[in-house]
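These numbers were taken from a predicted model, which means no experiment stands behind them. Chain letters run A, B, ... following the sequence lines, proteins first, then strands; residues in each count from 1.
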There are 4 protein chains.
Amino acid sequence: MADFTNRQMEIIDESIKLIAKGGIQELTIKNIANSIGISEPAIYRHFNSKIDILLSILSFFESNAKNLFQKIHSKNISNIKKIESIFLTHCKSFAENPPLATVIFSEEMFINEKVLAEKIFSIMKLHKKEIFELIKKGQKNGEIRNDIPSEQLSFVILGTLRLTVTRWRLSNFSFDIRKEGRKMWNAIKRLIAK
Amino acid sequence: MADFTNRQMEIIDESIKLIAKGGIQELTIKNIANSIGISEPAIYRHFNSKIDILLSILSFFESNAKNLFQKIHSKNISNIKKIESIFLTHCKSFAENPPLATVIFSEEMFINEKVLAEKIFSIMKLHKKEIFELIKKGQKNGEIRNDIPSEQLSFVILGTLRLTVTRWRLSNFSFDIRKEGRKMWNAIKRLIAK
Amino acid sequence: MADFTNRQMEIIDESIKLIAKGGIQELTIKNIANSIGISEPAIYRHFNSKIDILLSILSFFESNAKNLFQKIHSKNISNIKKIESIFLTHCKSFAENPPLATVIFSEEMFINEKVLAEKIFSIMKLHKKEIFELIKKGQKNGEIRNDIPSEQLSFVILGTLRLTVTRWRLSNFSFDIRKEGRKMWNAIKRLIAK
Amino acid sequence: MADFTNRQMEIIDESIKLIAKGGIQELTIKNIANSIGISEPAIYRHFNSKIDILLSILSFFESNAKNLFQKIHSKNISNIKKIESIFLTHCKSFAENPPLATVIFSEEMFINEKVLAEKIFSIMKLHKKEIFELIKKGQKNGEIRNDIPSEQLSFVILGTLRLTVTRWRLSNFSFDIRKEGRKMWNAIKRLIAK
DNA sequence: GATGAATGAGAGTTCATTCAT
DNA sequence: TATGAATGAACTCTCATTCAT
């Protein structure tokens with residue numbers, strides 16, 4: 001799934017950086033070409049269109065997330081620890097690659113094009129489903145409080161993660177997202193614990 | 001504060017609708033002019049530039065929020081009820097004007113231009129401060145649990161509200177944001193209650 | 001000849017300043033209106049068109065020059081003194097009104113429109129004729145050398161005056177045009193003296 | 001120094017013609033594109049901006065002048081002959097390329113943009129310095145009269161050349177600039193000779 | 001694989017001018 | 001006399017994309 005050549009990965013990488021730098025408006029074929037150091041038509045050797053590039057960015061995110069989820073599934077830890085792992089791993093990977101943070105929660109950028117909007121939507125559902133099921137299991141085995149539907153709990157957690165990242169980005173990455181993420185997670189842990 | 005002529009309000013209104021329809025890329029002078037039924041240069045009689053229009057949209061939001069906060073302040077109800085009022089009133093006003101929901105939480109659209117980014121940031125701070133102080137008071141007089149810092153609690157609440165609205169929008173407004181908002185609020189209320 | 005109302009003179013004055021400030025491109029109806037503090041359509045109460053304004057500026061120059069020539073004619077001084085007077089009076093009036101210097105020798109600005117080009121041409125001829133005749137008289141009565149045709153002598157004088165003003169303007173009025181004018185005139189006087 | 005591609009030279013050439021035809025206002029990207037027979041965006045493959053084109057026109061002049069000066073320097077003729085050569089060569093090259101005459105002494109066109117104004121200024125200085133030094137040498141070795149400072153003499157010569165060209169242009173190129181140039185030079189030669 | 005040259009479509013903006021009030 | 005609102009035409013410039021080499 002998502003099998004990119006070196007040049008393609010280079011283009012995807014550079015595109016993420018460009019979007020991070022100046023929003024979707026900064027992502028032009030010219031800018032990508034200049035950043036990489038090739039000509040504009042050369043881009044079209046590697047992607048059919050600009051939308052194709054955006055779609056690949058999203059696929060790249062998707063496959064990252066799937067990998068993460070699989071790794072966590074295989075671990076032998078409590079459900080609440082698994083959710084914590086998802087929460088903090090996200091923070092960590094943003095800390096390591098800030099441009100990613102700009103793009104990943106900026107659905108508005110993509111909703112213009114139907115095919116992109118659908119991809120975004122399916123990625124969101126993927127995350128929601130993951131958290132949702134972990135919560136459900138956690139409620140069943142007594143780790144997580146039972147008096148609030150798992151549906152709502154998952155949205156509280158996801159919403160908190162998203163806002164943390166958004167705050168970080170809008171503040172120009174001026175605080176340590178890992179520390180802040182841990183603070184927020186501690187709050188959530190206490191809120192949902194039995 | 002934010003004193004617009006009829007034409008200006010018309011342009012602001014139409015602009016919000018355009019952004020809602022197709023993102024910031026749909027907001028062109030041509031589209032605004034066509035929607036209203038005047039020529040493109042005519043727009044410039046009422047706003048100096050496109051950025052000026054965007055800035056006015058944000059000012060419009062800001063002054064709406066300030067009004068809401070003032071109204072709530074003057075009510076003689078518990079702090080938790082005040083937060084509830086903010087939460088649900090936002091959902092209500094989005095239900096009544098869905099395009100608003102698209103624009104209000106789409107900071108990414110504006111971060112290109114410094115002056116817009118600053119405005120967005122100050123609006124976010126305004127909301128945060130409001131919730132934060134209500135929580136603090138609620139914690140002091142025993143309405144709200146004390147074991148979690150008010151800072152984190154306010155972000156949990158704001159994050160949840162934001163995600164609710166984002167989900168609604170990305171689902172193409174396919175569910176009743178008021179009902180969903182109430183559900184989410186009930187969850188939060190239980191989470192933060194003492 | 002050239003009988004302007006107060007408002008018209010105000011518009012002409014402001015127009016000269018605008019051209020001086022940023023070339024002919026700075027002379028827009030909007031800029032004129034803003035400088036004076038009236039609305040754009042109001043300008044059209046006083047002039048039929050923008051070209052009308054430019055034409056009036058030129059008429060204003062023309063009538064200034066004619067006045068100067070008349071005054072000098074009536075004086076009872078040598079021909080060479082009369083030329084000197086024209087030369088230095090021009091420098092003096094530029095020193096007193098620098099924007100004038102920018103406009104007066106910038107024929108290029110006006111040659112687009114036929115009616116303006118003709119006006120410019122006739123003003124130039126007026127000056128040429130004046131100097132030319134004074135030289136001729138000076139040659140006849142032995143004040144001025146005879147071995148060079150008066151035609152060429154007048155162009156040498158006019159060319160020198162023009163370049164002096166142009167240098168002053170391009171240097172951002174950084175030297176004293178009166179002193180420099182006198183220096184240049186002293187050179188010319190020696191060159192043409194018998 | 002000033003190394004242009006074929007297309008760039010074509011654009012520069014066409015631009016000079018356009019300016020000659022109708023002043024700087026005639027120099028629009030559209031007009032350039034139409035004259036050459038390519039699309040407007042195509043222009044931007046060869047120049048970054050309109051100002052870039054104007055700057056290149058000036059560079060082209062500058063490098064022409066430098067070439068001329070170098071050629072003259074290497075000749076084994078009297079200083080007065082060298083000045084004559086500059087004077088008449090200029091007239092000749094204008095005769096061969098009249099549009100050039102319109103642009104080269106129309107500093108007003110360029111003073112809007114700082115970078116252009118500086119270029120113009122440096123070109124003027126280049127010419128001044130050239131004539132100035134030749135005069136100085138001529139005065140030293142007794143070719144040129146000593147009773148007038150070389151500074152003023154150079155401005156008299158340059159001013160005369162400029163006015164000759166200006167008259168020619170404003171008369172719609174209706175006389176033979178070479179003949180007229182020779183007449184003017186003869187007058188100057190006599191004026192400055194010892 | 002890559003490039004230089006080109007293009008149709010369209011962006012934001014400014015212009016001189018008109019007209020109803 | 002003056003103005004607010006409007007407009008057609010034109011401006012510089014950028015976009016994603018194509019094609020011959």
Side-chain angles (χ1 to χ4, degrees), chain A residues 5-8 24-33 36-54 113, chain B residues 5-8 10-11 24-34 36-54 113, chain C residues 5-7 24-33 36-54 113, chain D residues 5-8 10-11 24-34 36-54:
Chain A
T5 67
N6 284 353
R7 256 295 193 248
Q8 281 179 321
I24 201 75
Q25 324 222 37
E26 191 77 10
L27 186 72
T28 67
I29 298 291
K30 190 182 189 176
N31 284 349
I32 301 174
I36 295 184
I38 59 176
S39 74
E40 298 173 49
I43 301 286
Y44 288 88
R45 283 270 151 204
H46 306 282
F47 288 99
N48 286 325
S49 69
K50 193 178 160 184
I51 290 189
D52 223 43
I53 297 176
L54 287 165
E113 205 65 31
Chain B
T5 66
N6 285 353
R7 249 305 186 245
Q8 281 179 321
E10 201 180 357
I11 290 171
I24 202 76
Q25 323 224 37
E26 190 77 9
L27 187 73
T28 67
I29 299 292
K30 190 179 200 167
N31 284 347
I32 301 174
N34 285 349
I36 295 183
I38 59 177
S39 72
E40 296 177 47
I43 301 287
Y44 288 87
R45 279 270 148 205
H46 306 283
F47 288 99
N48 285 326
S49 68
K50 195 180 161 183
I51 289 188
D52 221 44
I53 297 177
L54 286 165
E113 204 65 32
Chain C
T5 67
N6 284 354
R7 252 300 190 245
I24 200 74
Q25 324 223 38
E26 190 78 9
L27 186 71
T28 66
I29 299 291
K30 190 182 188 175
N31 284 348
I32 302 174
I36 296 184
I38 59 177
S39 74
E40 298 173 49
I43 301 286
Y44 288 87
R45 283 273 148 200
H46 306 282
F47 289 100
N48 285 326
S49 69
K50 194 179 158 183
I51 290 189
D52 223 44
I53 297 176
L54 287 164
E113 205 65 32
Chain D
T5 66
N6 285 352
R7 248 309 184 242
Q8 281 178 322
E10 200 179 359
I11 291 171
I24 201 76
Q25 324 223 36
E26 191 76 10
L27 187 71
T28 67
I29 299 292
K30 191 181 197 163
N31 285 347
I32 301 174
N34 285 348
I36 295 183
I38 58 175
S39 72
E40 297 177 46
I43 301 287
Y44 288 89
R45 279 270 148 206
H46 305 282
F47 288 100
N48 285 326
S49 68
K50 195 179 161 182
I51 289 188
D52 222 43
I53 297 177
L54 287 164

Against the side chain of B:Lys50, the closest entry in E:dT13, F:dA6, E:dA6 is E:dT13
Q: Mark yes or no for whether B:Asp52, through its side chain, and B:Phe47, through its backbone, hold a donor-acceptor pair below 3.5 Å.
A: no
Exercise for review: Using atom types as modelled and distance alone, determine if a side-chain donor or acceptor of C:Lys30 lies under 3.5 Å from a backbone N or O of C:Ser39.
Suggested key: no
Closer than 4.0 Å, any side-chain N/O of B:Arg7 to the OP1 or OP2 of F:dG4?
-> no
Whole-Å distance, D:Ile38 CD1 to E:dG4 C1', equals 13 Å
DNA chain F nearest-nucleotide lookup for D:Ser49 and B:Glu40: closer to the 5′ end is B:Glu40
B:Gln8 atom CD is separated from F:dG4 atom P, nearest whole Å, by 13 Å
Rounded to whole Å, CD1 of B:Ile32 lies from P of E:dT13 at a distance of 10 Å
Picking from E:dT13, E:dT17, F:dC15, the nucleotide nearest the side-chain atoms of A:Lys30 would be F:dC15
Separation of F:dT12 atom C1' from D:Ile24 atom CD1, nearest Å, is 14 Å
5'-most contact on DNA chain E (nearest-nucleotide basis), B:Ile51 vs D:Ile43, goes to D:Ile43
Quick note, D:His46 side chain, CB onward, closest among E:dA2, E:dA6, E:dC19 is E:dA6
Checking F:dA2, E:dA2, F:dT17 against the side chain of A:Ser39 (C-beta onward), the nearest is E:dA2
D:Tyr44 OH to F:dT17 C1', in whole Å, measures 19 Å
- Item | Side-chain ion pair, B:Arg45 and C:Glu40, N-O less than 4.0 Å | yes
Of the listed F:dT12, F:dA6, E:dC15, the closest approach to the C:Thr28 side chain comes from E:dC15
Within the distance-only criterion (no hydrogens, no angle test), does the side chain of B:Gln8 pair as donor or acceptor with the backbone N or O of B:Thr5 below 3.5 angstrom? yes
Between the CD1 atom in C:Ile38 and the CD1 atom in C:Ile32, the distance rounded to the nearest 0.5 Å is 9.0 Å
note: A:Asn31, atom CG; F:dA16, atom P; distance rounded to Å ~ 8 Å
pair_partner(E:dT14), Watson-Crick or wobble, both distances < 3.5 Å, evaluates to F:dA9
Quick note, D:Pro41 side chain, CB onward, closest among E:dT17, E:dT7, F:dG4 is E:dT7
By nearest-heavy-atom nucleotide on DNA chain F, the more 5' of B:Gly37 and D:Arg45 is B:Gly37
>> Taking only the C1' atom of each, what is the distance from E:dG1 to F:dT21 in whole angstrom?
In response: 13 Å
When rounded to whole Å, the CG to P distance for the pair A:Asn48 and F:dA16 reads 16 Å
Pairing partner of F:dT3, by Watson-Crick or G-U wobble and under 3.5 Å for both distances, is E:dA20
Winner on side-chain proximity to D:Ile29, out of F:dC15, F:dT12, F:dT17, is F:dT12
The reported gap from CG in C:Asn6 to NE2 in C:His46 (rounded to nearest 0.5 angstrom) is 10.5 Å
- request: Would you mind classifying the nucleic acid contact of C:Leu27 as base, sugar-phosphate or nothing, using non-hydrogen atoms under 4.0 angstrom?
  value: sugar-phosphate
Of the candidates E:dA2, E:dT7, F:dC15, the side chain of A:Ala42 sits closest to E:dA2
In whole angstroms, the gap separating P of E:dT3 from CD1 of A:Ile36 amounts to 11 Å
